Each structure stands twice: as structure tokens, then as C-alpha cells.
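In what follows, every chain begins at residue 1, and chains take the letters A, B, ... in the order their sequences are listed. None of the values given here were measured: they were computed from a predicted structure.
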Amino acid sequence: MSPTVEYCLSNVEEDVRCRLREVGADEHPCLEHCGICYARPFLVVDGTLRDGDDHEELLDGSRRETEDR
Amino acid sequence: MNVLFVSIDSLRRDFLGAYSKKPAVVGYDVETDNLDRFAEKAAVFDTHYAGSLPCMPTRREWQTGTQEFLWRPWGPIEPFDATLPQLLRKNGTLTELITDHYHYFQHGSHGYYEDYNGFSFVRGQEIDAWRTVPKEPDDRMRGRLAGAASTHPDSLRFRNRNQYARNVDEFESVDDFFAPRVFSSVTDWLERNQEWESWYCNVDSFDVHEPFHCPEPYASMYTDEDPRDGDLPIWPHYGRVDSGQSELTERQLDFLRSQFAGKVTMVDHQFGDVLDALDEQNLWDETMVVVTSDHGFLLGDHGWIGKNDGPVYDVLARTPLMIWHPDSPRMGERVSELTSAVDLYATVLDALDVEIPGQTHSRSLYPLLMGETERHRDWALYGYWGSSVNVTDGEHTYLHPCDGDVPTDCYSTTMMNPRSWFTPVTPKHDADAGEFLPYSESPVWRYAGKSYEQHDRPMLFDVRTDPRQRTNLAGDATDVEGELRDVLRDAMAELGAPETQFERLGLAE
């Protein structure tokens, strides 16, 4: 089963936003993680916050975890 | 004449006995004896709508008469705003703000308290940057603040929910909590300021806003659960209740509803003390009293928890409004006419005999209150900047979506963050400047921000027959939908909304 991926509008550039839409991620106007949002890329995957250097890496990580399950 | 203006944040009107026998989302009565006592004495407005949402945009409507969401999001008072305290103190009226609403003191929302002769700020609500100890907050409390447990308490980043656990760490009795401290400040202020001839006191209670943290007896008043159970959150994330970080079990949702209800009753008890103070000091004959809220809070209604993310249903937008005025012939009556949050600005000025600025979006309720007219307004606009624009004629609500791919322009003398309101402001390198506003000759910056689709299709509800908005008539009742779309377009044109607003909404001629 695909994970539920959520992203914050303030945390993505337009190209990343398009990419996240392609994979069916849920967009939010704010995910209430403003401190992390201000500091670096993050996603919420199945309700858990994941932050890292870029969104693609975070997406890959969540995909790998799903495959390993 | 005096004005006591009481805002109770996030107060759903269906939780008040004056508006509903039982709240829509729970099967029990919620005790609001004091608000109901006031409602019996006052005029109760049945068709009152929010305008610009959420918290601070509503306060700019109340304090400056500006329906801002067509031009800008959550932000500061602008240099060209004629605020209530500015105009009132010039007219010889003492102005006072009593609040625990910490957003007044946060990034991006300056200018709201500085014009008052006096203000009292009760510290510690939500993520108010107050206590820095204990360094390791109580684990059980952290577990109840969704998101706090997964954020290391050592993190110095903005909006760390562990802040709340620190702020309330030393709370022991009900009197330590926020509403009791705010409303006791009000009764104390009324007692100590009797020598002033005319005053305006703005009481802005952050309760019943989340976190839904209640002391006893309120925490156990509407639930059999142990309110300290770490599995039961008191601070949900906003979103869908069936997925993502906002997902809740039925048990968790029931508990949240019970804590919301507990907060409503706690505030009601405190408000009762203010009513008693008005009695004891014989202030009713010389005081207009306004009780209202900025918006509601979705507690599983339509599958949502919170606000901001989804369609602006009436649970959020149709707010309580009750007004006592000693000279009004309509006291004790229900007022069915359509009214809007922005109208309270001119109403306060009228009550204190101050000239209403010509450029305002506000229309005084005074003629309605004095029984001089039965018609107030044909439409009310409401919404969030950069999302849907919604309209009601009092009989239908029409929620018009935007195209999320088309940016929304932001107009302000400041470079505010259009969306990340609570973090340091970043410069807008693509901004241009000019006299872009129809209600001020002041030059402002103009820069683009991202749009957000709260829903992707129009929504139309007949709120006379379907007050809970269960049946979307869009696409079926085509005549009505066309009429409401025309009302929306005409209302935006009347306000002089930017051309780009019509374009992003697909409403350009």
C-alpha cells in the first residue's frame, strides 16, 4: 500500500510541488511544523515527519521503506 | 457611553444554547448558562458571517474595517489603517486591550496593540515564546500535544509544540489557566476604571482555541475518559480525520470534542463573572456589550479537524454575534438580517459617536440595532487570502474555488510571508510598488504568493433547508448557482478587488 505523503506549500519550489502532485502527495497550506519548514525540506509520511536535504531523497526513502515492508 | 467588546476565539455557535439545543457533533448538552443569559438580554444575530480568516485577518476587520483577504493574508496593521483605538482616543474615549492572544506579539502581526492607552497580556497560550524551563518538559503532557513528542524538546526551531508543555508546567489550579486569568483581569479593570467617562475595552480571549487543555472540573465534565491519558490528544493537527498526520480514532475525536466542550463551559463560567461585574457596577445603562468569535472549529464535521485546509463551511464561517445596547428597541430579539464581521468596526465607532472613515468596508449595525431599518446587506464575502472566495446572500452559501497553479498577488507596505506567518519575514525580490489599493492612496508592495485549493469544484448550499451543508447543489441548481456567481462577481467589483483575483478565480468577463 502506498504511504500517505503530505507536504507544506511553504516548503516547496514549483518544480517540487509538481513532482509531489504527480506522485499523489497531499498539499497543505501549513502542516504546523513551521520551524522545520523554515529550516529545510520535509515531508510527513504516514503521519511521521521526515526532514532531509531534498524532497526527492525523502520520497525515495519512503518508497524504499514501503517496498521493504 | 462605553463599549465592552468580547471575542472568544474559535467559538462554534452550535455549542451555545442560544443557537442550538445540542452541538451538531456531540450527543450531550453543553453548559453555557451565562452566554445564554446574555443572549436573552441582547440582540442575537442569526445570520452573521466571518470575513477575512483566520485569527489576525479577522482582527484587522474588527479593528480597521478592512476586508483584507482579497488583497493580503495574515499580517500587520498598515500605516494607512485608521484603527479603532486611534480614532477613539482622539475622541476622548479610553481604550484598553485585555488578551492572552499571543499572535498580537508574534512575527508578522505587529501594530494591533500599540494604539491602546493600556493593554494587559496574559502569557503562555499555545506557542507563546514565554517559558524556557523546564528544559525537559513533562513527558505525559508532551504526549498529549500531537507533534510535541516527535520533536526533541531541545530543538530551538520556531513553533516547537514543547513550548506549551513548558508554559503550563507550573499550572496547578483552575485559576492558573488562561480564560480565568483573562476574565478576572476584565472584572478587575472594570472595578478600577470607574472614574473614566467613556471607555472601549477589547477583551480578546484565545480560549476556546486549541490546545484543548482544560483543568478540572471542565476536563471531566463531558467525558468518562481519564483526561491525562497520554493516548488522548488535546491538540490535533489540522486536516482530514481519516488520513495523514491529522488522522484520529473515533475515541480520540470524541475526547477532543469533550475537551472543546469543556473549554466552552470554562469560558462561559468566566464570562458570567463579567456579567456580574456589569450588574454590580450598574454599567448596563451606559455600555454596549458585543460578544462574538472570529471563526469556528471543525471537530470531524465533513471529515475535517481544524480550519484552513478544507472548504469554509458554515461551522467555520457562520459565527455567533450578540449585542446589548441600552438604547436599542431590539433587545431580547433575534436578528435575521445578514451581517458581516467587518461591520463591527463601524458599529463600535457609531456607538461612541465617532465619524466613520469614508473608505471603510464596514457598514454599521447601528440602524439595525435602533430599529431604523430591516435590511442591512445583500451579500457577505468570506475566505482566506490565496484560496477560495466565498459569498452568501443569507439564504445560500457559494464557495468558489481557485486554480492552485495561478499565484495570488499580495499587497502590503510590508514584505510579509504570504503563508509561513510564524517565521522571520523573507524579502520579496520580485516585488513592484505602486498605488494599487482602491481604499488607500498609499503606495504598497505587490508580490505573488502561492495559491491553495481548499476544494477543486464549486460548492453551493441552501442553508435555510440544509444548515449543516450536507448537499452540494452546485451543478444541479444551475439558476441559483449562476445567480450566486453573479453576486460574488458584483461584490468583488463593488469592493474594487484586483483584476488578478477575477482571473485566478475564472470570473473575468
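- Neither the backbone nor the side chain of B:Asn160 has a heavy atom closer than 4.5 Å to any heavy atom of chain A.
- For B:Arg161 and B:Trp235, the positive end sits near the middle of the six-membered ring, less than 6.0 Å away and at most 45° from its axis.
- Neither the backbone nor the side chain of B:Pro418 comes within contact range of chain A, judged by heavy atoms closer than 4.5 Å.
- Of the two parts of B:Tyr238, the backbone and the side chain both hold a non-hydrogen atom closer than 4.5 Å to a non-hydrogen atom of chain A.
- Among the candidates A:Val44, A:Asp26, A:Leu31, the residue making the largest number of heavy-atom pairs closer than 4.5 Å to chain B is A:Leu31.
- Note: B:Phe158 and B:His107 meet the aromatic proximity criterion, with ring centroids under 6.0 Å apart.
- When the candidates B:Ser155, B:Gly244, B:Gly239, B:Ser420 are compared by the number of heavy-atom contacts under 4.5 Å with chain A, B:Gly244 comes out ahead.
- No cation-pi contact links B:Arg72 to B:Tyr411, judged by a cut-off of 6.0 Å to the six-membered ring centre and 45° from its axis.
- Contacts with chain A were tallied for B:Arg159, B:Glu453, B:Arg419; B:Arg419 has the most, counting heavy-atom pairs under 4.5 Å.
- Among the candidates B:Ile127, B:Asn417, B:Asn308, B:Asp405, the residue making the largest number of heavy-atom pairs closer than 4.5 Å to chain A is B:Asp405.
- Residues of residues 36-43 of chain A placed with any heavy atom under 4.5 Å of a heavy atom in chain B are listed by number as A:Ile36, A:Tyr38, A:Ala39, A:Arg40.
- Under the salt bridge (charged side-chain N to carboxylate O under 4.0 Å, His left out) criterion, B:Arg166 pairs with no residue, sequence neighbours left out.
- You'll find the ring centres of B:Phe206 and B:Tyr102 inside the 6.0 Å limit.
- Legend: residues meeting salt bridge (charged side-chain N to carboxylate O under 4.0 Å, His left out) with B:Asp294, ordered by chain and number and at least two apart, are B:Arg59.
- The salt bridge (charged side-chain N to carboxylate O under 4.0 Å, His left out) search around B:Asp409 returns none, not counting sequence neighbours.
- Aromatic ring centres of B:Trp74 and B:Phe422 lie closer together than 6.0 Å.
- Looking at A:Glu6, the atoms closer than 4.5 Å to chain B (heavy atoms on both sides) all sit in the side chain, from C-beta outward.
- Residues A:His33 and B:His237 place their aromatic rings such that the two centres sit under 6.0 Å apart.
- A donor-acceptor distance shorter than 3.5 angstrom exists from the side chain of B:Arg504 to the backbone of B:Gly386, with no hydrogens or angles considered.
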